[in-house]
Amino acid sequence: MKQKVLLGLSGGVDSAIAGYFLKKQGYDVTCCFMRNWDSIANNDIKGNPTLTGSKCSQELDYDDAKKTADELGLPLLRKDFIEEYWKEVFSMFIDTYKKGYTPDPDVFCNKYIKFGHFYDYAKSLGFDTIAMGHYAKRIDENGEAHLYKAFDLNKDQSYFLGQISEEQLSHALFPLSDITKPEVRKIASGLNLSVAKKKDSTGVCFIGERNFKSFLENYLPSKPGQIVDLATNKVIEQHDGILYYTVGQHKGMNIGGIKGRSCAPFFVVGKNVEKNILYVAQEENNSFRFSSRCLIDHFNWIGNDLPSSDYQCNCKFRYRGKDMPVILHLMSKDSAYLTYQDYSYIAKGQIACLYQGNRLVGSGIIEETYDRNYQKIPY
RNA sequence: UGGGGUAUAGCCAAGCGGUAAGGCAUCAGACUUUGACUCUGAUAUGCGGUGGUUCGAAUCCACCUACCCCAG
């Protein structure tokens, strides 16, 4: 009997080709369009370019999903998780911002919505498994599911799956695990799919591309304050809200040339939420951007091979960041230290994803950073 | 109202008689399922103002204006 699969169909080209592959491989495929964001209900007004159009972007994506499903000859369901997304993903996103950290909502959208509620929904309808158009790979070893980077290392999206459990992974399929993005486009063109040339979506998933600052202003009112250069401790500019900036950023601060200083750009190295101060440092000759250790919590290990002692692996501190060698030192079931040599601009709130070769072994949320002497960095 | 100095794009800043470097910022693209980073491109018919010298002036001269420093 054919395995019944519920595929998340977004209206983009990736999940479309995922559906094509599943069907070709002999699965009994049903598509499902998920809707997790409602601009009106969620008070997403300011800077929202889609409100003035006759249809909001989520509805346009649904139209594309419908067309795609028809073109592939697959049935399409539609399911809202708007309330769940707000409660379990978005409120955490806002709370993280309020701490001055930089959250990564898509990671938790995967953990709670796509591989959580969506799977429960599929199960309730009698499906055996779910499938997604992520560029990631699942390999079952010793009877358990392990997560690997996709064959297309340029598109690899395993980073966004770092917080899912082995159990969640074990009932998910990734049909795009061994294909490159250019090949996906080519196949879509060959099939004459209407989304074959649709531009890749970027931006927070379900919220979409737009001016991020004005989006945030809907939920985090602007609160102007000072920008302080850590090298001199002097105020060099004004900011219009400390929460809108992220560590490692250098644009959008309006810091021009300063008399008597070099011409190197300034970067955000930290912030003080209570004092509403944004700390910056000039690129050259500053040690403020470095850390040598960080504390991660929400620790998640994917598999039953959790190491008992210090463990060498690589870490991505940001999506599309480089894999950097680190030593993992577990502190509790939920937290760990990562120790390394002088990495710059590590933003608290981001996900640290641990890799052993191409296998994503675990992840955690960056909670604190420490200097060379393992003293906590106060900003 | 004595002496000295400086005025070049939003900000730093080169230029020293031959037709406005560069950086930062900003904007636009590219890249990107986070905000970023990165990459590419754009940005002074104009050099505080008015005259003058010269074939030719941001560059030399005169005066004016603004700011800075030192004296009083």
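What you see is a predicted model; the values in this text were computed from it and never measured. Protein chains get the first letters and strands the later ones, always in sequence-line order, with residue 1 at the start of each.
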Problem set entry | Within-4.5 Å side-chain heavy-atom neighbours: A/T102 and A/T96 | no
Exercise. Is A/V13 close to A/L193 at the side-chain level, that is, under 4.5 Å between some pair of heavy atoms?
Worked result: no
Exercise. Among pairs that include at least one residue of residues 8-34 of chain A, which meet ring-ring contact (aromatic ring centres under 6.0 Å, His included), considering only residues two or more places apart or in two chains?
Worked result: A/F33-A/Y62
Check the orientation of [X] and [Y]. Use parallel for under 30°, tilted for 30 to 60°, and perpendicular for over 60°.
| X | Y | result |
| --- | --- | --- |
| A/F267 | A/H250 | tilted |
| A/Y337 | A/Y370 | perpendicular |
| A/F93 | A/F215 | tilted |

Exercise. Looking at the side chain of A/D200, which of B/U33, B/A36, B/U38 is the nearest nucleotide?
Worked result: B/U33
Exercise. A/R318 side chain: which of B/U33, B/C37, B/G35 is closest?
Worked result: B/G35
Taking [atom1] from [X] and [atom2] from [N], how many angstroms apart are they, rounded to a whole number?
| X | N | atom1 | atom2 | result |
| --- | --- | --- | --- | --- |
| A/M34 | B/U33 | CE | P | 18 Å |
| A/L243 | B/A36 | CG | P | 14 Å |
| A/H134 | B/U34 | NE2 | P | 11 Å |
| A/R320 | B/C39 | CZ | C1' | 12 Å |
| A/K251 | B/G29 | NZ | C1' | 11 Å |
| A/Q282 | B/C12 | CD | P | 14 Å |
| A/K322 | B/C37 | NZ | C1' | 13 Å |

Do [X] and [Y] sit within salt-bridge range, that is, some charged N less than 4.0 Å from a carboxylate O?
| X | Y | value |
| --- | --- | --- |
| A/K111 | A/E88 | no |
| A/E283 | A/R289 | yes |
| A/D305 | A/R359 | yes |
| A/K316 | A/D156 | no |

Work out how far the [atom1] atom of [N] is from that of [M], and round it to whole angstrom.
| N | M | atom1 | value |
| --- | --- | --- | --- |
| B/C39 | B/A25 | P | 12 Å |
| B/G15 | B/G23 | C1' | 16 Å |
| B/U8 | B/G4 | P | 22 Å |
| B/A66 | B/G29 | C1' | 41 Å |
| B/C55 | B/A13 | C1' | 32 Å |
| B/G52 | B/A71 | P | 41 Å |
| B/C37 | B/C31 | C1' | 11 Å |
| B/A36 | B/U26 | P | 12 Å |

For this session: Run the ring-centre check on A/H171 versus A/Y119 and record whether the distance is less than 6.0 Å.
Result: yes
For this session: Assert yes or no for the condition that the ring centre distance of A/Y219 to A/F90 is strictly below 6.0 Å.
Result: yes
For this session: Whenever both distances are under 3.5 Å in a Watson-Crick or G-U wobble pair, mark it; put RNA chain B into dot-bracket that way, with [ ] for crossing pairs and | when the partner is on another strand.
Result: .(((((((.[[[..)..(...]]].(((((.......))))).....[[[[[..)....]]]]]))))))..
Problem set entry | For A/D178, salt bridge (Lys or Arg N to Asp or Glu O under 4.0 Å) partners two or more places apart | A/K137
Problem set entry | Residues in salt bridge (Lys or Arg N to Asp or Glu O under 4.0 Å) contact with A/K66, at least two apart in sequence or another chain | A/D70
Is the positively charged end of [X] above the ring of [Y], judged by distance under 6.0 angstrom from the centroid and angle within 45° of the axis?
| X | Y | value |
| --- | --- | --- |
| A/R293 | A/Y374 | yes |
| A/K4 | A/F127 | yes |
| A/K79 | A/F81 | yes |

For this session: Among A/K198, A/R78, A/R35, find the residue that satisfies the salt bridge (charged side-chain N to carboxylate O under 4.0 Å, His left out) test when tested with A/D61.
Result: A/K198
Problem set entry | Qualifying side chain to side chain donor-acceptor pair (under 3.5 Å) pairs with a residue from residues 225-244 of chain A, counting only residues at least two apart or across chains | A/K213-A/D240, A/D229-A/T232, A/D229-A/R261, A/D240-A/Y245
Exercise. Base, sugar-phosphate, or nothing: which does A/G252 touch, judged by heavy atoms less than 4.0 Å apart?
Worked result: sugar-phosphate
For this session: Looking at every strand, decide which applies to A/Y245 at a 4.0 Å heavy-atom threshold: base, sugar-phosphate, or nothing.
Result: nothing
Every protein N/O lying under 3.5 Å from an N/O of nucleotides 46-48 of chain B:
none

With the threshold set at under 4.0 Å for non-hydrogen atoms, list the residues of [range] touching RNA chain B in residue-number order.
| range | result |
| --- | --- |
| residues 97-105 of chain A | A/T102, A/P103, A/D104 |
| residues 345-357 of chain A | A/A347, A/Q350 |
| residues 13-22 of chain A | none |
| residues 225-242 of chain A | none |
| residues 152-167 of chain A | A/N154, A/K155, A/Q157, A/F160 |

Problem set entry | Phosphate OP1/OP2 of B/C37: any A/H250 side-chain N/O under 4.0 Å | yes
Problem set entry | Contact under 4.0 Å: A/Y319 side-chain N or O vs B/U33 OP1/OP2 | yes
Exercise. Linking I/L/V/M/F/W/Y whenever their side-chain heavy atoms sit closer than 4.5 Å, directly or via other members, would A/Y101 and A/I242 fall into one cluster?
Worked result: no
For this session: Step through the shown structure and confirm whether more than 12 heavy atoms of other residues, nucleotides or ligands are within 6.0 Å of CD on A/E83.
Result: no
Exercise. Under 6.0 Å from the CG atom of A/N142, do we count more than 12 heavy atoms belonging to anything else shown?
Worked result: no
Exercise. Hey, which of these two, A/F266 or A/F93, hits RNA chain B nearer its 5' end, going by closest nucleotide?
Worked result: A/F266
Problem set entry | Qualifying residue for ring pair (Phe, Tyr, Trp, His ring centres under 6.0 Å) with A/F160, from A/Y319, A/F108, A/Y135 | A/Y319
Under 3.5 Å between N/O atoms: give me all the protein pairs with nucleotides 9-11 of chain B, atom names plus distance.
| from | atom 1 | to | atom 2 | distance (Å) |
| --- | --- | --- | --- | --- |
| B/C11 | O2' | A/G257 | O | 2.3 |
| B/C11 | O2 | A/G257 | N | 2.8 |

For this session: Identify the heavy atoms of A/S291 and A/I377 that sit nearest to each other, and give their distance.
Result: CB-CD1, 3.8 Å
Exercise. For A/A122 and A/L6, which heavy atoms make the closest approach, and how far apart are they?
Worked result: CB-CD2, 3.6 Å
For this session: Identify whether the glycosidic angle of B/G46 places it syn (within 90° of 0) or anti.
Result: syn
For this session: State whether a side-chain donor-acceptor pair under 3.5 Å links A/S194 with A/D64.
Result: no
